[in-house]
Amino acid sequence: MIIWSIAKTTVGDALRKKVLQIFLVVAIGLIIISLSFSQTLSFSSRAGSSTDIMLVKSFGLGLMAVAAWLISLVMGVSLIPQEIERRTIYTILAKPVKRYEFIVGKYLGAVLTLAINVAIMGVVFIAVCVFKAMGAEQPVTPEETGLPLVGMQQVGLFDWNMVWGVIMIFLQFTVLTSVVLLFSVFLTPTVNFFMGLGVYIVGVMAPLTETLSSKESQLHPVLKVFYRVIHIIVPNFDKFNVTNTLLHPETHIESMAKYTGIVTLYALFYSLLLMLLAVIIFRKKEV
Amino acid sequence: MRSLYVARPLPATEFSSGHPTQKPIKPASNEWSEVTDSYRKGGVIVADAIAVRNLTKVYGGALKNRVPAVDNISFTVAEGEIFGFIGPNGAGKTTTIKILLGLLFPTSGEAEVLGMPAGDIETKRRISYLPESPYFYEHMTGAEVIEFYCRLFRMGTAERKAKTQELLERVGLAEDGHRTLRQYSKGMLQRIGIAQALINDPDLLFLDEPTSGLDPIAHKDITELISSLGKQGKTVFLSSHQLGDVETVCDRVAIINRGKIVKIGTLDDLLRAGRTVITFAKAGSDLVEQVKPYAERVSADGELVRVYVESEENVHSVLDTARGKATLVSVLPQRQTLEDLFVEIVREVRK
């Protein structure tokens with residue numbers, strides 16, 4: 001009950017933050033504007049309106065990722081410092097509230113806020129995709145027919161891959177939110193912002209750190225160990241980056257639902273681990 | 001030395017609250033007992049609501065700049081007492097309160113609240129805190145804020161609604177409960193702060209500058225509320241710069257400066273200037289000479305002779321000497337204001 005109360009208050013507070021509202025409104029505005037994008041802006045050599053749809057999907061998923069990234073960073077860095085600055089934390093912790101309840105409540109509130117924002121963007125994005133797909137046609141490829149190009153076919157209105165894409169964005173930035181929540185227990189918002197940014201960039205470059213730390217790498221063994229440690233500690237944000245796979249039908253993931261399940265467990269594991277660390281540090285934190 | 005283990009008869013409300021019997025606080029040393037056991041309300045010895053022993057708090061930072069915010073302080077606050085904790089800015093008042101609430105951890109020493117170590121989660125059901133210039137979630141209405149704090153005490157829906165209504169009425173915000181805090185004045189926010197501090201009908205309240213920046217009406221309302229809490233048998237730990245308020249409502253006062261308690265006692269003890277002025281009329285010149293050995297100063301003003309006497313013993317000696325030799329006009333013990341005492345002490349320490 002206490003955790004839920006703190007979470008609800010955090011959501012109410014965050015949703016009224018002007019800066020977060022601006023990110024959301026701008027992202028939605030741009031997603032809607034992307035309806036007007038056409039092949040003339042596309043560098044694709046393939047003709048037909050299916051390329052327009054692909055452009056809208058690619059742009060929308062990328063834009064949502066940027067907006068969710070900004071929302072999770074900007075919201076996350078002030079989660080605890082703002083409570084201290086406003087002194088609300090004093091009245092809360094002077095009541096019979098355990099410190100872990102406070103941290104878990106704040107985290108849950110932040111994740112819910114992220115979920116609401118991503119859901120709103122996601123609904124608009126999918127609606128835009130459906131609208132764009134109305135009456136659109138795509139060429140029938142020889143691989144599908146076994147014959148030379150024979151003509152055009154209707155594009156499917158609803159693409160489930162876009163739902164998976166939205167879910168992946170949410171999962172990715174849930175992990176980033178837990179990273180900045182952990183940092184917000186002991187760092188100032190500005191330092192936290194850059195630390196969060198740094199962790200995200202390193203996490204996105206996980207394939208690189210993996211390569212650098214592999215047996216085949218030519219690096220000095222000490223550096224290899226260093227990259228191995230970085231690769232293990234920093235969440236692998238690249239795992240969530242499935243936009244290309246979703247957009248290109250020729251690159252298939254065997255089961256997107258199965259992959260999403262695995263990635264969800266991965267996100268859950270990292271979030272719980274980081275939250276546990278935050279709780280341990282916050283137990284002895286002076287406020 | 002009087003024993004700390006004799007409890008006063010508790011009022012009915014305290015019996016019905018169902019709180020477990022508190023472990024009495026054992027004095028650590030004779031020195032400690034002398035400092036802390038100097039006052040017991042109405043001459044009746046009561047249990048301690050707050051006990052602080054050799055408490056020190058040093059904030060982190062560069063080693064050479066580490067000045068203790070609280071420096072080896074000891075004091076107790078008896079149950080049912082309104083205790084004033086005053087000092088200049090940066091004296092260590094808020095740090096002490098935060099340690100007592102478990103928000104900060106002492107560098108050394110002990111702090112107990114209602115018989116339990118400071119910060120004990122169960123004790124927090126019986127205490128409350130109003131920070132200086134509190135801020136709440138501005139997007140919420142007054143009623144929502146109170147309901148939110150009620151939830152932190154795990155109250156059910158019906159109890160929450162009833163408590164919110166009751167408290168809003170008690171602090172004079174019944175008509176404004178539906179407005180968001182963004183629309184509230186400072187005085188109204190302070191009232192919300194008081195309301196959230198009364199949710200659990202606390203036995204002990206920590207009030208940090210509860211009247212700062214308030215208009216005279218709100219100021220009066222809040223000082224009256226503090227007095228009424230005292231009458232209900234609540235213990236109030238009041239930190240304030242409003243020395244007039246402290247003088248009006250407090251039973252006992254501690255003055256803290258640069259982390260050290262420099263004076264502690266009842267207002268009567270602290271404000272007694274230690275001097276009595278005895279005025280005579282129709283006194284002969286020989287009387288002036290006769291009382292001089294007992295007096296700090298003697299002054300003649302026309303027919304009146306004023307004798308300034310330091311000790312009670314000397315007052316009796318002067319009166320005995322003057323008997324039959326002059327007409328006694330008045331015997332007036334001089335009393336300082338708390339502001340005079342405060343300024344005097346702080347200046348002395350600065351010197």
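Each chain gets a letter, A, B and so on, in the order the sequences are listed, and its residues count up from 1.
The heavy-atom pair separating B:Y149 from A:I92 by the smallest distance is CE2-CG1, 4.1 Å. Taking each heavy atom of A:T9 and B:M140 in turn, the nearest pair found is CG2-SD, 3.8 Å. Shortest non-hydrogen contact noted between A:T91 and B:Q196 is CG2-NE2, 3.6 Å. Residues A:S5 and B:F148 share a closest heavy-atom pair of O-CE1, 3.7 Å. Residues A:A94 and B:I127 share a closest heavy-atom pair of O-CG1, 4.3 Å. Among all heavy-atom pairs drawn from B:F105 and A:K284, the shortest one is CE1-O, 3.5 Å.
Summarising the geometry, atom CE belonging to A:M1 is positioned 9.5 Å from atom CE belonging to B:M155; distances are rounded to the nearest 0.5 Å. Distance check: A:Y90 OH to B:T94 OG1 gives 9.0 Å after rounding to the nearest 0.5 Å. In this structure, B:Y129 OH and A:L93 CG are separated by 11.5 Å, a value rounded to the nearest 0.5 Å. For the atom pair NZ (A:K17) and NE2 (B:H139), the distance works out to 10.5 Å, reported to the nearest 0.5 Å. To the nearest 0.5 Å, atom CG of residue B:L103 and atom NZ of residue A:K285 are 12.0 Å apart. In this structure, B:I121 CD1 and A:R99 CZ are separated by 9.5 Å, a value rounded to the nearest 0.5 Å.
With respect to the salt-bridge test (charged N to carboxylate O, under 4.0 angstrom), the residues A:K8 and B:E147 do not qualify.
Contact annotation for A:I6: both backbone and side-chain heavy atoms come within less than 4.5 Å of a heavy atom of chain B.
Annotation: A:F131, atom CZ; neighbour count of heavy atoms from other residues, nucleotides and ligands within 6.0 Å does not exceed 12. In A:F269, the CZ atom is not crowded: 12 or fewer heavy atoms of neighbouring residues, nucleotides or ligands sit closer than 6.0 Å. Annotation for B:K161: atom NZ does not count as buried by contact number, only 12 or fewer foreign heavy atoms lying within 6.0 Å. The local environment of CZ in A:F226 is sparse, with at most 12 non-hydrogen atoms from other residues, nucleotides or ligands closer than 6.0 Å. More than 12 heavy atoms of other shown residues, nucleotides or ligands fall within 6.0 angstrom of atom CZ in B:R179.
Judged purely by distance below 3.5 Å, without hydrogens or angles, the side chains of A:E83 and B:Y135 never pair a donor atom with an acceptor atom.
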Please report the C-alpha distance between A:R87 and B:E209 in whole Å, then the side-chain angles of each, then the deciding distance to 0.1 Å, and finally whether the salt bridge (Lys or Arg N to Asp or Glu O under 4.0 Å) criterion is met.
CA-CA 14 Å; A:R87 303 193 187 112; B:E209 301 290 354; over 6 Å; no
Residues A:R16, B:E138; criterion side chain to side chain contact (heavy atoms under 4.5 Å, CB included); working and verdict:
CA-CA 10 Å; A:R16 281 165 183 82; B:E138 283 190 333; over 6 Å; no
